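Just so it is clear, the values below take in all heavy atoms, side chains as well, and ignore hydrogens, waters and symmetry mates. Computed from a prediction, not measured in an experiment: that's the story for all the values here.
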Amino acid sequence: QVQLVESGGGLVQAGGSLRLTCAASGRSFGFYTMGWFRQVPGKEREFVAAISWRAGSTYYADSVKGRFTISRDNAKNTVYLQMNSLTPEDSAVYSCAGILMDIWSRDSDDYNYWGQGTQVTVSS
């Protein structure tokens, strides 16, 4: 059984920072890529960032490039999303997800497992 559990969301003022954590348990060794997505009510889920589990290659949406950093700790089976210079437009439910195939993708349909999400709210 695979579980992804996010934590670290909350309320922060514009310009502030948050670090999200995604802890994987179960067959986490089977994930080739881990990604972060976000979604606001009434909008489609949006790709934020992804990282290859073994090589550590990273990929970002243009909207977060230079502000967000994705990283992983293989020993802890954990993926992080460091978010700096937050704006109200970053407010959303952030979810982590994993792909079992040896690909990376910004398409949420390619991800096999999902966490429950954590709310991030940025006040102006």
Check: [Y] and [X] side chains under 4.5 Å, non-hydrogen atoms:
{"X": "M83", "Y": "D90", "answer": "no"}
{"X": "I70", "Y": "Q82", "answer": "no"}
{"X": "Y60", "Y": "I51", "answer": "no"}
{"X": "V120", "Y": "L11", "answer": "no"}
{"X": "W104", "Y": "I99", "answer": "no"}
{"X": "L4", "Y": "M34", "answer": "yes"}
{"X": "N77", "Y": "W53", "answer": "yes"}
{"X": "Y113", "Y": "L100", "answer": "yes"}

Determine yes or no for a side-chain-to-main-chain donor-acceptor pair under 3.5 angstrom, with [X] supplying the side chain and [Y] the backbone.
{"X": "R38", "Y": "V93", "answer": "no"}
{"X": "S52", "Y": "S57", "answer": "yes"}
{"X": "T33", "Y": "I103", "answer": "yes"}
{"X": "E6", "Y": "C96", "answer": "yes"}
{"X": "T78", "Y": "K76", "answer": "yes"}
{"X": "Y32", "Y": "G98", "answer": "no"}
{"X": "S91", "Y": "T121", "answer": "no"}

Between S17 and N84, is there a side-chain donor-acceptor contact under 3.5 Å, judged purely by atom types and distance? yes
If you look at every heavy atom in [X] and [Y], which pair is closest and at what distance?
{"X": "P88", "Y": "S123", "result": "CG-C, 4.4 Å"}
{"X": "A14", "Y": "S124", "result": "CB-CA, 4.3 Å"}
{"X": "Q39", "Y": "K43", "result": "NE2-O, 3.0 Å"}

Within 6.0 angstrom of Q3 CD, more than 12 heavy atoms from elsewhere: no
For the atom pair CZ (F68) and OG1 (T58), what is the distance rounded to the nearest 0.5 Å? 14.5 Å
Spacing of CG belonging to L81 relative to CZ belonging to R72, to within rounding of 0.5 Å: 15.0 Å
Distance flag, aromatic centroids of Y59 and F47, threshold under 6.0 Å: no
Axial cation check for Y80 ring with R19, 6.0 Å and 45° limits: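 Geometry flag: set, cation within 6.0 Å and 45°.
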Working for side chain to side chain contact (heavy atoms under 4.5 Å, CB included), residues W36 and C22: CA-CA 9 Å; W36 285 97; C22 174; 3.6 Å; yes
Go through the steps to decide whether F37 and W114 satisfy the test ring-ring contact (aromatic ring centres under 6.0 Å, His included), and finish with yes or no. CA-CA 10 Å; F37 290 79; W114 290 84; 5.1 Å; yes
Run the side chain to side chain contact (heavy atoms under 4.5 Å, CB included) test on S108 and E44 for me, step by step, so that the C-alpha distance in whole Å, both residues' side-chain angles and the decisive distance to 0.1 Å come before the verdict. CA-CA 10 Å; S108 60; E44 291 189 357; over 6 Å; no
If hydrophobic clusters are built from ILVMFWY residues whose side chains come within less than 4.5 Å, do Y111 and M101 share one? yes
